[in-house]
Peer 1: 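Sharing a structure below in structure tokens format, with a few things to ask.
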Amino acid sequence: WVNGRWTNLFTGAVIAILVLLSVVLTASVLYPDITGHTILVILGGGCAGLSLATRLAALGDRAPRTLVLERRAEYADDRTWCFWDDGTAPAARLARRRWTRMALGGPGQRFTIDCGATPYHMLQALPFYQDAADAVRLSRRVSLAQGAEVLDAPRREGTHWRIETG
């Protein structure tokens, strides 16, 4: 059994989101004195960046002041993501398609999979982007800057970091 390219890309994106959330959780445990002056910058407002931003926005006033820098001035319906949902995925309500059964096959083999308990969902980009951007707009602590291209690698200057954008 070999995963396809898109399955691997999707899995990589999920892992990236989990790592980002783990970093945020670790920081909140190790540094409980983080104040409202702390700023978290998320480089990239794609699937992973916006997923993290919406989770932070849901924290309300407990979220660190967060800025998402996104190179694109406008989002487009330029891709889809697919995932299995056990009933806990917030994006499932935005899914355009859902499958409870699927057939897989190869030379001389065919499998039918019943995934009724964990339906397979297809999510188009634009509804996801719009929903996430709306959630961020409602937040007093998280904001999205579209059309903000990062020009150089972030660099440390004393106790702060400098991120040049254009």
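Not measured: the values here are computed from a predicted model. No hydrogens, no waters, no symmetry mates; every other heavy atom, side chains included, goes into these values.
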Peer 1: I'd like to check the side-chain hydrogen bond (donor to acceptor under 3.5 Å, both in side chains) partners of Glu74; sequence neighbours left out, ordered by chain and number.
Peer 2: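 For Glu74 there are no side-chain hydrogen bond (donor to acceptor under 3.5 Å, both in side chains) partners, ignoring immediate neighbours.
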Peer 1: Does Arg55 CZ have over 12 foreign heavy atoms under 6.0 Å away?
Peer 2: no
Peer 1: Spell out, as yes or no, whether a donor-acceptor pair under 3.5 Å connects the side chain of Glu70 to the backbone of Gln146.
Peer 2: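 No, because the side chain of Glu70 does not come within donor-acceptor range (under 3.5 Å) of the backbone of Gln146.
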Peer 1: What do you reckon, is CZ of Arg96 surrounded by more than 12 foreign heavy atoms closer than 6.0 Å?
Peer 2: no
Peer 1: Suppose we screen for salt bridge (Lys or Arg N to Asp or Glu O under 4.0 Å). Which residues come up paired with Asp131, at least two apart in sequence or across chains?
Peer 2: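 Expected list: Arg93.
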Peer 1: Can you sort out the partners of Val41 under side-chain contact (heavy atoms from CB on, under 4.5 Å), two or more places apart, ordered by chain and number?
Peer 2: Ile39, Leu43, Leu69, Ile163
Peer 1: Which residue pairs satisfy the ring pair (Phe, Tyr, Trp, His ring centres under 6.0 Å) criterion with at least one member in residues 55-80, sequence neighbours excluded?
Peer 2: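 Non-adjacent pairs meeting ring pair (Phe, Tyr, Trp, His ring centres under 6.0 Å): Tyr75-Tyr129.
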Peer 1: The criterion is side-chain hydrogen bond (donor to acceptor under 3.5 Å, both in side chains); which residues satisfy it with Asp77, sequence neighbours excluded?
Peer 2: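 So Asp77 forms a side-chain hydrogen bond (donor to acceptor under 3.5 Å, both in side chains) with Gln124.
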Peer 1: For Arg101, I'd like to know if atom CZ has over 12 heavy atoms of other residues, nucleotides or ligands within 6.0 Å.
Peer 2: no
Peer 1: So which residues get pulled into Leu151's cluster when ILVMFWY side chains under 4.5 Å apart are joined, directly or through others?
Peer 2: none
Peer 1: Does Asp61 pair with Arg141 as a salt bridge, N-O distance under 4.0 Å?
Peer 2: no
Peer 1: When the aromatic ring centroids of Trp81 and Phe10 are compared, is their separation below 6.0 Å?
Peer 2: no
